[in-house]
Number of protein chains: 2
Amino acid sequence: MPQKGRGILLSMSTTETNRTPAPRRATIADVARAAGVSGSTASVVFSGKTKVSDATRQRVLDAAAELGYAGPDPRAASLRTGRSGIVAVVLEEHLRTAFLDPVKTATMDGLTDALATLGSGVLLLRHDPGGENPVTLDTAPVDAVVLLSCTPRTYESLDVIRARGLPVVVIEGDGGADAAHVELDSDEASAQLNTHLRDLGHEDVAIVTLPFGLDLERGFVTEEQIARIRVEITARRLRDVRQAFPDAQVVQSEGSFIDEGVLAGRLLLDVPEDGPRRRPTAIIAQSDLLAAGVVRAAEELGLRVPEDVSVTGFDGVEVDGLGGHVLTTVVQPSAEKGRAAGAAVARMLRGEPASSQLLNCTFRIGTTTGPAARS
Amino acid sequence: MPQKGRGILLSMSTTETNRTPAPRRATIADVARAAGVSGSTASVVFSGKTKVSDATRQRVLDAAAELGYAGPDPRAASLRTGRSGIVAVVLEEHLRTAFLDPVKTATMDGLTDALATLGSGVLLLRHDPGGENPVTLDTAPVDAVVLLSCTPRTYESLDVIRARGLPVVVIEGDGGADAAHVELDSDEASAQLNTHLRDLGHEDVAIVTLPFGLDLERGFVTEEQIARIRVEITARRLRDVRQAFPDAQVVQSEGSFIDEGVLAGRLLLDVPEDGPRRRPTAIIAQSDLLAAGVVRAAEELGLRVPEDVSVTGFDGVEVDGLGGHVLTTVVQPSAEKGRAAGAAVARMLRGEPASSQLLNCTFRIGTTTGPAARS
DNA sequence: TTGTAAGCGTTATCAA
DNA sequence: TTGATAACGCTTACAA
């Protein structure tokens, strides 16, 4: 079709003057009239909430087809019912960034699954307080809100949500008493991982951590820096490991990526024959992606995993690029987190009070850990 | 809070009998009344569409605060305005699967950016014709629809959309005359890649393709199988390469993954010293992830890239796990695709006719190609 | 700058 | 099984 242009505009206004009075889409009322039934009957034919005789239904359906009526307008329906069938998911970051994290993706997957069962779709919302973002929780027709990647800033969203009286579910974060929570318990599984390594005779252990949130460069960190960690998950996982291995060397990565793991791994494993530092016999990475990188670094240096060095991860996700290895890792129920959040949404929509759920991680022994190498 | 229980239920019904008559949320009418202004004035205070005296505005705002009114109900507003501020994105697959593809993620990113500017959010919809999926295009209050991963089946969605009269944008697919399209032109860039390899002296070239859509196992394929390829993108990219290298060996992968690339790479590169097959001097992979895997396979086998073997990709995405290499590749404007789709949505929402856009790929020379190794 | 009034298209309730 | 009626909460010409 042509773009706007003078000639076209003229002909358009011509059409406009002598066009039929009502070029608007058919409504359910039109259908009802055409079918010779009441509006409520027509409505019920589409919603299926009440029994309608076959004959009547057919008449309504025929009329609808005739008029090109495609079913009730969701906007009107949602005004009337008070439900839009949409649940907002608030992400802290760019999608690109968020979906780089396989755990987050899996959680989203579980969430969409659960919500689909419920009959709801997922509206992606990025929480960016700075940007001029006109579609926010203020103006989106949503029935509930799920907070997925929580940082302290995310909680600003909560005020808006509370004001609207929307049900809120917070995944791994603190949303206050009126929000439902989905929490993870990794204590037991982490302890098992520690024991596993201890039992294999590992004493020289190193840790590759997620970022501290302090804008540090990748590398070895000091106790002082450890004390100032600002990312909760990093701090907790580190604490869990250091309970068993208080003297472990700690390398902070700049993110949960394979390539970061490679760099951290080199730092730890590429040690001069008789330099001051000894090569650890086991490396505990705070994510599977980091662990995959460490495995890679080891192999690059001609070290065999697990014969020469053991490597463990955290998350239990499938890592593309790990080759034949199966990581020894703490498996977190990523998709289950989403499903639990979906279930919580369902409950709150049913009017039940916000209730929280604690999900357990499990410890999985893979092929990347073995007896400590004799030094 | 306690779960439903007998005692609780009793006390609840007690409360119910003697609670205040109207526990419903305040509406804009309530606010107007409390502020002593008309409904329209109150409305305008929130929408900002018309000038309101500071005094009046303040009175309205105060009344709203007093009543705990959090702004206009989006459901009602969207019924009235005919806009919900939501655009549906239809994906063919599980989110998990869709977001494994870095190109798709980047496109989503561009799309959400563009739509945010427009004031719209993105509703994720999975097109699954089989499943019982109550929130579909039929029932979702959306202003427009973007089809992202198109397969022939996706077009079923189109009928529903058309019936609703919603604007449609199809990214890399054929949505018919009334849809806007975003298309990619890689001819030029592909030709440049071919020329690049030719100029470097490569003649023994192999191709690692995306799946054929024929449920084939990973491995070498026959001409007959090539003739039956059912995935358009695979066919087109293969055709482009074979124009220049008609005799290239072809290995089909089972998906766009690094690990698939590794396996395909081994198949091509791990050849016996004096077996029947010669080792190719260059491998053209149909995706960057596959290419990354091929690079890896080469290095595992002790071959240097690009000294012993050149590797090229397709997509131009950042690949985690590629180490220091920069792939020689065809860069497609992934995010731009999304942005273009967003722009198309904006235009159609403004009432302009569906118009289509063709985006160009570019050829990028990285560090993974070099002169053909002498055999 | 503010007010009046007329819907937007549905569905829930109740009665027939 | 069907029908009449009254909301649902808001926006926007248009008038004052």
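All values derive from a computational prediction rather than experimental measurement.
- OP1 and OP2 of dG9(C) both lie 4.0 Å or more from every side-chain N or O belonging to Thr27(A).
- Look at Ser43(B) and you won't find any side-chain N or O under 4.0 angstrom from OP1 or OP2 of dC10(D).
- Residue Asp73(B) places its side chain closer to dG9(D) than to any other of dG9(D), dG9(C), dT2(D).
- Relative to the side chain of Thr56(B), the nucleotides dT2(C), dT10(C), dT12(D) differ in distance, and dT2(C) lies closest.
- The side chain of Ser53(A) approaches dT2(D) more closely than any other nucleotide in the set dT2(D), dA12(C), dT10(C).
- Across all strands, Ser40(B) comes closer than 4.0 Å to base atoms (heavy-atom distances).
- In this entry the distance linking CZ of Arg25(B) with P of dC8(D) reads 15 Å, nearest Å.
- Aromatic ring orientation, Phe46(B) versus Tyr69(B): perpendicular (interplanar angle above 60°, classes split at 30° and 60°).
- Residue contacts shown for Val37(A) are limited to sugar-phosphate atoms, with no base heavy atom under 4.0 Å away.
- When each of Ala26(A) and Ala55(B) is assigned the nucleotide of DNA chain C bearing its nearest heavy atom, the one mapping closer to the 5' terminus is Ala55(B).
- Phe46(A) comes within 4.0 angstrom of no nucleic acid atom, judged by non-hydrogen atoms across all strands.
- Of the listed nucleotides (dG3(C), dG9(D), dT2(D)), dG3(C) has the atom at the smallest distance from the side chain of Ser38(B).
- Across the protein-nucleic acid pair, Arg83(A) atom CZ and dT10(C) atom C1' stand 16 Å apart, rounded to whole Å.
- For Arg80(A) against dA12(C), no side-chain N or O and base N or O form a donor-acceptor pair under 3.5 Å.
- Distance Ile28(A) CD1 to dG7(C) C1': 18 Å, rounded to the nearest Å.
- Computed from coordinates, the Asp30(A) CG to dG7(C) P distance equals 15 Å when rounded to whole Å.
- Side-chain atoms of Thr81(B) lie closest to dT11(D) of the nucleotides dG3(D), dT11(D), dT10(C).
- Between Arg33(B) and Asp30(B) a salt bridge is recorded (basic side-chain N to carboxylate O distance below 4.0 Å).
- Taking atom NZ of Lys49(A) as the reference point, atom P of dT2(D) lies 18 Å away to the nearest angstrom.
- A salt bridge is defined here as a Lys NZ or Arg NE, NH1 or NH2 lying under 4.0 Å from an Asp or Glu carboxylate O, and Arg75(B) with Asp143(A) meets this definition.
- Atom pair Leu79(B):CG and dT10(C):P shows a separation of 9 Å (rounding to whole Å applied).
- Tyr69(B) has its OH atom 8 Å from the C1' atom of dG9(D), to the nearest Å.
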Between side-chain atoms of residues 161-181 of chain A and protein atoms elsewhere (two or more places apart, or another chain), which donor-acceptor pairs fall under 3.5 Å?
from	atom 1	to	atom 2	distance (Å)
Arg162(A)	NH1	Asp178(A)	OD1	2.9
Arg164(A)	NE	Leu137(A)	O	3.4
Arg164(A)	NE	Asp138(A)	O	3.1
Arg164(A)	NH2	Asp138(A)	O	2.6
Arg164(A)	NH2	Ala70(B)	O	3.4
Arg164(A)	NH2	Pro72(B)	O	3.1
Glu172(A)	OE1	Lys337(A)	NZ	2.6
Asp174(A)	OD1	Gly176(A)	N	3.0
His181(A)	ND1	Gly173(A)	O	2.9
His181(A)	NE2	Gly175(A)	N	3.4
His181(A)	NE2	Gly176(A)	O	3.1

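- Counting to the nearest Å, the C1' atom of dA7(D) and the CZ atom of Arg75(B) are 16 Å from each other.
- Distance check, rounded to the nearest 0.5 Å: CG of Leu349(B) to CZ of Arg83(B) gives 4.0 Å.
- Distance from the side chain of Lys51(A) is smallest to dT1(D) among dG3(D), dT1(D), dC10(D).
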Go through Asp62(B) and Arg59(B) one step at a time and tell me if the salt bridge (charged side-chain N to carboxylate O under 4.0 Å, His left out) criterion holds. CA-CA 5 Å; Asp62(B) 290 347; Arg59(B) 227 154 7 108; over 6 Å; no
